[in-house]
Each structure stands twice: as C-alpha cells, then as structure tokens.
Amino acid sequence: MLRAIIVLLVVLLAAHAPMLLNDGLFMDDWLVLKPRPDYFIDIDFLLNGAGHPIFYSYDTFANWTGAPVAVMVSLAFAGIVFGAISLALTATRLNLLDRAEAVGFALMVWTYPGYQLWAGKANAVYVFSYGLLFVGAGLLTLAFSARGLRRMLLRVACALVFLLSFALNSTIVLYAFVVLGLFVAIWRGGSAADGFVRRTWFASWRCALGYPELMVLPLIYWGTLNIWFKRIGVYTQHYDAHFPTLRELAEGWGAFFVTGYRDVMAHAIRAAIQVPALFILAAMLVGIVLLLLRAATKPTTSRLAIALPLVLALILFLALSSPYLIAGLRPSSTHFYESRHLLMFGLPAALTLLAFKRQAERWLTPGAAFAVMFGPALIMSIGMLWGDYVFMQARTLKQEALARDLAGRVQPAATVYALDDGFFDYPSRHVPFGLAEVTGMLRLAWGNQPFFGFALRAERPDILRGMDEARKAPGSAFHHFDPTGPQATISFQPGPAAAPNHTLVRKYYTCRLLARCDGAEFLTQLAQVTIKLGPIAGILPVETDAAPSR
C-alpha cells in the first residue's frame, strides 16, 4: 500500500502544482484577505452577518501571519493531500476497495474539475473542510477497534476534526453517511439470532449510546450558529430556505447534473481540441499510474459489489444537491465562482466509475478493467483541471496588469469607477471581474479610500443604487464601499502581449520559472489602460433623500 500512497501523492501534487504559482485573489477573496499588510478589510461581517465563525478564524489567522495567500494555499493542499490519503487508507482498511481502486477513486474525487475554484484563496477553507471530513472518517475507523486511552483520544480528535469540517455546511450531509457507516458496522457485529428488527434496534441504540458525541455534534454546531452567529441582513435573503416542490427538486437536480457532469465533459472535449498538449501530458501521467498500479486482485463479480456503488452514487448525488436546492441555490458552469457548490460531486462520479469497472471485470482482467474505466476518466479530469488552472492564472495576470498600471498613475479625481473590460471580447475564455475584484484593485493601487468599482458589462444599470442599499444593510460586507462619489470609466483593452490564456500562462511560467523575460515588462505590455473622468454612461445615479430646490 505504501507504493500506492506514493503514487497518489505524486499525481495529486502534479495535478494541483499550478496552485503553488497562482498568488492571485478572486471574487470574495478581496473582501477577507489582505494582499499587503496596509490593505484595509472589514471581516466582521463573517461573524455578525454571514454566520461563519470558523471561516472568520481561518481568515483572521491568515491575515495575522502577513502571508495570507501562502496560508490559504497550504490549507488547500493539506485538505487535498490528507483527505485523499485518508480516503484511500480507510477504504482499503475496511476492505471496501482494493489498492488500485482506492487510488483511482481518491484521484477522481480530488481532481474533480466541475469545481473550478481550486485556486480560490478564501474558498481554500472549503477544500480543507472537505479533507477534514475524510480524516475524521479515518480516525473513526481506528477508534472503532481501539481500546482504553487510545480509543478515548481518537474519539476526541475525531469529534474535533468533524466539527471543524462543518465550516463547509454541506459536509454535514456526508457526515450523516459516515454515521450511517458506523451504524452498519455495529449492526454487522450484532447477533444474527436476534432477527433483523431486533438486531437493527440494538444497533441503533448502541450507536446512539456508544457514540453520543457524534449524535449531538451537528446539533451543537447549528445551535451555536443560531444563538451567537445568526445570519442577518442580506444573508438571510440570500439563503431562500424553503421546502422545494417536486418540480423544483427535479429542475434543481437536472441543473446539478448538467453543470456537474454534462457540461464538464462537453468543456473537456472542446479543451482537448483547442489545447491538446494539456491532455497529452495528462495521458502520460495517467499512463504511469496505470503501470504502477497493475491490479493483482481477483475480479469482483458479486452483483451486490457492482450494484451498491451505483446505488450509492445516485443517493449521494441527490443528497449532496438537496441542501443547496432547499436554500434556493444552483450551480453554473459559465461562471467559475458559481461552481463552488460542486466541490463534493466528484464522489458520485467516482462511485459510478467503480461500478462500471467492476462490471467490466466480468469480461476483462482487473488491471484491464481499471485502465479502461479509470484511465480515460482521469485523463479528462486532470486535463480539464489544468485547463481551469490556466484560466485562473490568466485571470490573475490580467488583474496584476491593471493594478500595476493604476499604481503607476496619479489618482484621478474620482472614487467610483466602471471598468470597460476589452478582454471580454478577446477570443479566449474570460469572465468579467466582480465588483470586489475591481474595488480591490483600486484600493491596492491608490490606498484605503472609499472606492467602488465594477465591470461595466457585468452589472445592471442600477448597480450604484443596489450597492448603496447593500452597504447600509446590517451585517453587510460592503460598509467600506461608497457608490456616491465622483465617477470615471477605465478602459482596459488587450495590449501587444495579449494572447490566448494557455499562451499567456506559458509565457508567464517562462518568465517566472526560467527567468527568460522581465515579468514587470510582460505585465506592462499585457493591457492598455486609459481613464475618462465624468458620469458613467448607462448607469443610474444614486437616489438622494434631499428635497428638490424651488
């Protein structure tokens, strides 16, 4: 198993290596993390508005170190590595998967490209929390067979790890499956002579009395949030919690399937045609994995062993998407930030592949079945993952180019800026910058003033009025934004060094890693920036309460 774990680690490090080079902030990262020590942020909204005390703790610590980006990247990597290792070891220790299946399964879960925010810094807490859940499951399996002081210490550690994993609220759904697994283990250890009903009752009773800390843990977490960290203001409106109708459930599950799987495959096919080099490299990496993990086990021909992963995949898919549907939220593949609800959806995909692999063993050897089923899937997953990292790195470079250009100018007599983003028309994937990103770049360039910036094409004409209402709401994250000041428009157009994302990122890696060009000059040539003072065309002014003069 040691060789299998080493293979798993090497592939995960190769798959997520671009994360180490991406030191950019994205979307809401700008609201909670400091790109430099004197950059002003107000993260009290995490405690007194959004109800995220664990997020607040991580972000506060990261900013206190003075290197928040490095801290968050470390958290994400820790979640990926420890989560994958715990998943593989737990599955083999319980004889649920063989060595090759465990590695392939863990790789599918932890390279899932439907979640496009792997490089997001604030969302690194999501990844870390997800990893902690698998660490907790591994500790629970050790505690189950332990005795004495070791058992007590393992259970305390297990409860603490699970509690921290709840920072991503939807992990509580997976936590319920872990507790269900504990119940099954206790049930299997019961006496068959008791009969099914009596045996089930005894298992339920022993599970509740034997592990009371696990039963009350979600109640303690939710009670703490609802007593001391209630969501208020815009956050109560954002989460439209309700019991969805059957039609809403069906439409929501359809949206999750389309975004989480169908769109991922379609995008992967297009990416493989446009940038085949990424998928060729992924194929070489996966080929090495297949050679090192040649299955030597007997084929799994039991119908139950084939059907169970498929059934569990369906149940997990429905269960994992349900909390978001109850909250009125749905994912989208067109905007990377709206993929944040999909982090855990690599699990149903991995379970489905496992079922198909075991079915294929009826006609092929275990090694051939593993290669046929997991090989192409891993190539697609890792290739697409690298493509997303390329997109996010290109986004970072465009942000750096804009911030660098603004910092080299004298600040115009304006505090409200609309960004006319010419990269939106460039023939390479680009998503307009969010208002937190544009405002953050203004503050980074010109200091801590009440700036407000937004991408002109991404917002509605009443964006200023909407922001004026949002900043005055209780618990708002935008108290330090002021949309009422003098206005200007920033023209941000592709420059002489502009290129498609993959070419742009390759040049950047050449500059940074091989020192074959001047990185500062490269960013200077990336975009052309001009600023025009005056009212922003097509944008409604903020309404005032002052009575008109007569």
Side-chain angles (χ1 to χ4, degrees), residues 46-48 50-58 79 82-83 86-87 90 94 125-126 128-190 197-232 235-236 239 241 243 312 315-316 318-324 326-327 343-344 347:
L46 289 174
L47 284 180
N48 304 316
H52 284 308
I54 299 179
F55 266 70
Y56 175 86
S57 301
Y58 285 127
F82 291 116
S86 297
L87 172 58
T90 302
L94 297 176
V125 180
Y126 283 9
F128 186 63
S129 300
Y130 188 34
L132 286 180
L133 184 96
F134 291 107
V135 173
L139 292 174
L140 183 58
T141 60
L142 295 175
F144 186 78
S145 57
R147 293 292 181 270
L149 179 62
R150 183 170 183 267
R151 177 184 175 88
M152 183 187 71
L153 293 176
L154 283 171
R155 287 180 58 169
V156 170
C158 179
L160 179 61
V161 166
F162 277 135
L163 183 63
L164 291 176
S165 77
F166 293 163
L168 176 57
N169 292 335
S170 50
T171 56
I172 294 180
V173 174
L174 280 182
Y175 175 79
F177 281 87
V178 173
V179 175
L180 178 61
L182 174 64
F183 164 77
V184 170
I186 295 174
W187 185 89
R188 293 182 64 184
V197 175
R198 187 179 178 86
R199 187 179 180 183
T200 301
W201 169 256
F202 281 149
S204 302
W205 190 249
R206 289 166 184 163
C207 188
L209 290 184
Y211 296 85
E213 72 279 10
L214 299 185
M215 303 301 115
V216 301
L217 206 57
L219 300 178
I220 292 174
Y221 177 73
W222 281 109
T224 301
L225 292 188
N226 285 291
I227 294 173
W228 290 293
F229 304 103
K230 287 184 178 180
R231 291 191 177 105
I232 62 174
Y235 295 98
T236 57
Y239 296 98
F243 289 104
L312 186 57
I315 294 173
L316 263 179
L318 299 178
L320 290 175
S321 52
S322 293
Y324 298 106
I326 292 172
L343 174 60
M344 296 181 286
L347 267 173

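- Within a 6.0 Å radius of OH in Tyr324, more than 12 heavy atoms belonging to other residues, nucleotides or ligands are found.
- Under the 4.5 Å side-chain criterion, counting only non-hydrogen atoms from C-beta, Pro53 is in contact with Leu225.
- In this view, Asn226 satisfies the side-chain hydrogen bond (donor to acceptor under 3.5 Å, both in side chains) rule with no residue, not counting sequence neighbours.
- Rounding to the nearest 0.5 Å places CG of Leu347 at 10.0 Å from CZ of Phe177.
- Within the 4.5 Å cutoff, no side-chain heavy atoms of Pro323 are placed close to those of Asn169.
- Side-chain contact check for Leu182 versus Phe144: some heavy-atom pair is nearer than 4.5 Å.
- Taken to the nearest 0.5 Å, the CG atom of Leu139 stands 7.0 Å off from the OG atom of Ser86.
- Inter-residue side-chain proximity for Leu316 and Leu174 is flagged as met; some heavy-atom pair is nearer than 4.5 Å.
- Put simply, the side chain of Ile186 reaches to within 4.5 Å of the side chain of Tyr211, judged on heavy atoms.
- Considering OH of Tyr56 and CG of Leu47, their distance stands at 5.0 Å, rounded to 0.5 Å.
- The closest donor-acceptor contact from the side chain of Tyr126 to the backbone of Leu343 lies at 3.5 Å or more, if one exists at all.
- Looking only at side-chain heavy atoms (C-beta outward), Tyr221 and Phe162 stay at 4.5 Å or farther from each other.
- Of the possible polar contacts, none joining the Thr90 side chain to the Leu87 backbone as a donor-acceptor pair under 3.5 Å is found.
- With a 4.5 Å cut-off on side-chain heavy atoms, Thr171 and Leu132 do not count as touching.
- Trp205 and Trp201 have parallel rings, their planes meeting at less than 30° on a 0 to 90° scale where 60° marks the start of perpendicular.
- Atom NE2 of His52 and atom CG of Leu168 lie 9.5 Å apart (nearest 0.5 Å).
- With values rounded to the nearest 0.5 angstrom, Ile172 atom CD1 is found 8.5 Å from Leu217 atom CG.
- In terms of the salt bridge (Lys or Arg N to Asp or Glu O under 4.0 Å) criterion, residue partners of Arg155 (sequence neighbours excluded) are, by chain and number, Glu213.
- The side-chain heavy atoms of Tyr58 and Phe128, taken from C-beta on, include a pair separated by under 4.5 Å.
- For Tyr175 (side chain) and Leu214 (main-chain N/O), a donor-acceptor pair under 3.5 Å exists by modelled atom type.
- To the nearest 0.5 Å, the span separating OG1 on Thr224 from CG on Leu163 amounts to 8.0 Å.
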